[in-house]
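What you see below is based on every heavy atom in this structure, not just the backbone, and it leaves out hydrogens, waters and symmetry mates. Throughout, protein chains are lettered first and strands after them, A, B, ... in sequence-line order, and every chain is numbered starting at 1.
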Amino acid sequence: MVSRDIRNAIVDLESAYAACLDDDRLEAWPDFFTADCVYHITTRETVDDGYSLGLFYCHNRAQVSDRVKILRNAAVFSVRYYRHLVSNVRVVGEAGGVYAVEAAYAVFATDQLDGITTVFSAGKYRDKVVFAGGVPKFKEKVVIADTASIPANLSVPL
Amino acid sequence: MRHATEPRFPFADMSRVPYAVFLDEGVYEREQTRIWQGPVWLFLGLEAQIPNPGDYITTYAGDQPVVVDRAEDGSLHAFVNSCAHKGTMVVRYRKGNAGSHTCVYHRWAYDLRGNLVGVPFLRGIEGMSGMPKDFDKRDHGLRKLEVESYRGVVFGSFAPKPEPLRAYLDKPILDFLDRLFARPIEVIGHRRQRFHANWKQYYENYGDGYHGGLLHELAATFGLHRATQGGSRIPDKRGRHAAAWVDAESDSAEIVRQGYRDVSFAKSFDQRLKLDDLAVFGWQDEVGDGQSVRTCAVFPSALFAQVGNVLETEQIRPKSATEFELYWTYFGYQDESADLRRRRFQQANMVGPAGYNNMEDGEASILEMRGIRRRGSEHTVLEMGGRGPIAREDGHARLSETVVRGFWRYYAELMGYRPARSPRRARRRR
């Protein structure tokens with residue numbers, strides 16, 4: 001049985017993660033991860049078909065923060081606002097202080113020229129959360145997108 | 001929906017392309033007939049996706065849903081995924097293994113070659129109803145494509161007697177595929193991407209070496225490919241396809257500085273972006289010829305590439321004049337080392353819909369589409385690398401749009417758009 005405090009802290013982590021991305025505070029995004037983290041975006045059909053190559057893969061926090069540097073300084077991608085809704089957060093297991101967490105997400109994209117909002121991606125998070133000095137961090141975040149065909153491009157993280 | 005006036009290519013060297021070909025649904029419909037169901041070979045997939053008898057994948061040939069499968073004797077077949085009875089899509093899954101394909105609506109059943117083999121209540125019941133006596137199942141198969149495979153790359157054609165695949169691809173493309181598919185492969189994943197743009201805007205991007213070192217700032221900064229690097233670009237004998245490569249070590253710091261003098265990148269090469277983990281640029285030269293990027297476009301639907309250590313195919317799936325899907329397949333060799341496989345995975349962050357290189361190509365196509373809404377009677381300008389003949393280029397072949405003009409020449413030929421007869425008139429341009 002996971003304590004209410006732990007559960008609340010994990011739900012708050014998921015919400016703060018979404019708000020960070022939606023507010024375009026990308027520079028703060030790597031802080032949600034441990035130094036040895038895995039961050040992986042894949043699709044449900046990739047998982048179902050038994051393939052291991054998803055859309056994007058970081059095997060440490062350096063690669064996570066590199067993505068921010070590249071998006072900010074050396075990449076061209078759609079000019080959009082994003083809105084992440086994270087729901088159905090469940091702590092599904094715990095082993096040695098690592099909490100297995102699952103949540104559903106939906107991300108809306110708003111084209112900044114047209115002002116039109118569309119569903120960009122729907123799927124789930126399969127996370128591993130650890131507490132470092134009482135602060136929850138993602139040791140692993142696997143984004144499994146139901147939306148297999150990416151609308152234009154996937155720049156800002158899911 | 002038909003266009004009021006035929007799109008006009010004003011110059012025989014195809015250095016001007018009418019924007020109407022990207023905008024007009026009438027043009028799109030004509031393409032589906034004259035190109036996609038015309039005398040071309042369409043890339044359908046890889047044999048490695050359907051290794052065993054009964055294995056199938058569903059894909060597209062132009063905008064038509066198609067099933068590709070392997071029959072009991074190992075032969076490859078492809079047919080339109082639309083029941084001969086009422087047009088219902090027969091196979092409803094991305095992939096699988098089946099002994100036959102049965103339509104869910106009235107349970108008409110087809111064998112792995114697309115022949116109709118079962119019609120429920122064909123003879124009615126108790127002597128009543130049933131199909132007319134002269135109903136012949138042989139007249140009601142699924143629409144079949146001609147299928148040929150080269151080096152495990154499966155192509156299909158709607159043409160009844162297409163030219164042989166090897167002749168269609170021609171030497172530069174055969175050489176490219178010989179190298180890319182030199183050993184048995186293993187598919188490691190697929191990715192896909194949906195664009196509000198015209199499929200040709202993306203296809204053009206592949207032949208357009210000019211944009212490579214300009215749009216892709218990160219790749220240029222870290223030398224994966226740069227506008228100042230040398231390389232070659234080789235069209236087939238009719239100029240409709242092209243293979244190309246980049247010689248990674250062919251420029252110097254001085255040439256880079258000079259070349260990029262006027263390029264407004266966010267960071268100049270001198271204050272190069274500092275990254276903490278360079279695994280994405282961990283290219284290891286597998287062949288030993290210093291070619292960091294190799295690309296190849298096969299008219300009208302296929303793109304093949306080696307980007308660093310990433311090996312990939314791209315299939316273009318047009319949906320309308322203003323929409324298409326891109327379907328990527330990534331692979332490695334069955335006998336490769338774990339280290340090389342790891343490199344492929346890490347460098348795969350460069351490519352695909354979330355990749356640093358390709359998120360940009362898609363965005364360029366979309367921006368083109370957004371810009372041209374009311375410019376249907378005007379033209380793009382293709383003059384980098386010069387005008388006139390469409391031929392092999394070496395040296396600074398990256399700074400070229402020549403093979404793009406080759407694509408348009410064959411396109412116009414199939415579409416029946418006759419370019420201006422005479423070579424371009426000499427005239428002053430600003």
May I ask you to decide if [Y]'s main-chain N or O and [X]'s side chain share a donor-acceptor pair within less than 3.5 Å?
| X | Y | result |
| --- | --- | --- |
| A:Lys69 | B:Lys274 | yes |
| B:Asn349 | A:Tyr57 | yes |
| A:Asp66 | B:Asp277 | yes |

Contacting region of B:Arg370 [heavy-atom separation from chain A under 4.5 Å]: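 The answer is the side chain of B:Arg370.
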Chain A contact via B:Gln193 - which portion, at a heavy-atom distance below 4.5 Å: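 Both parts, backbone and side chain.
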Between atom [atom1] of [X] and atom [atom2] of [Y], what is the distance when rounded to the nearest 0.5 Å?
| X | Y | atom1 | atom2 | result |
| --- | --- | --- | --- | --- |
| A:His40 | B:Phe345 | NE2 | CZ | 8.0 Å |
| B:Leu275 | A:Asn73 | CG | CG | 9.5 Å |
| B:Tyr356 | A:Phe56 | OH | CZ | 3.5 Å |
| B:Tyr330 | A:Ser52 | OH | OG | 13.5 Å |

Most chain A-contacting option - heavy-atom pairs closer than 4.5 Å, from B:Gly189, B:Ala354, B:Ala364: B:Ala354
Pick from B:Asp276, B:Asn358, B:Leu278, B:Leu215 with the largest number of heavy-atom pairs that fall under 4.5 Å of chain A: B:Asp276
A:Ser78 and B:Glu363: side chain donor to acceptor below 3.5 Å: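 There is such a pair between these side chains.
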Test item: side-chain donor near acceptor, B:His190 and A:Glu45, under 3.5 Å: no
Side chains of [X] and [Y]: does their closest heavy-atom pair fall under 4.5 Å?
| X | Y | value |
| --- | --- | --- |
| A:Asn153 | B:Glu360 | no |
| B:Met359 | A:Leu71 | yes |
| B:Arg191 | A:Leu53 | yes |

CZ/A:Phe33: more than 12 non-hydrogen atoms of other groups inside 6.0 Å: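 For A:Phe33, atom CZ is crowded (more than 12 foreign heavy atoms under 6.0 Å).
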Residues, nucleotides or ligands: over 12 heavy atoms within 6.0 Å of A:Lys128 NZ: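 Result for NZ/A:Lys128: open.
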Working for side chain to side chain contact (heavy atoms under 4.5 Å, CB included), residues B:Tyr327 and A:Ser149: CA-CA 9 Å; B:Tyr327 191 82; A:Ser149 199; over 6 Å; no
At a heavy-atom separation under 4.5 Å, does [X] approach chain B through its side chain, its backbone, both, or neither?
| X | result |
| --- | --- |
| A:Asp49 | both |
| A:Thr43 | neither |
| A:Arg61 | neither |
| A:Thr147 | neither |

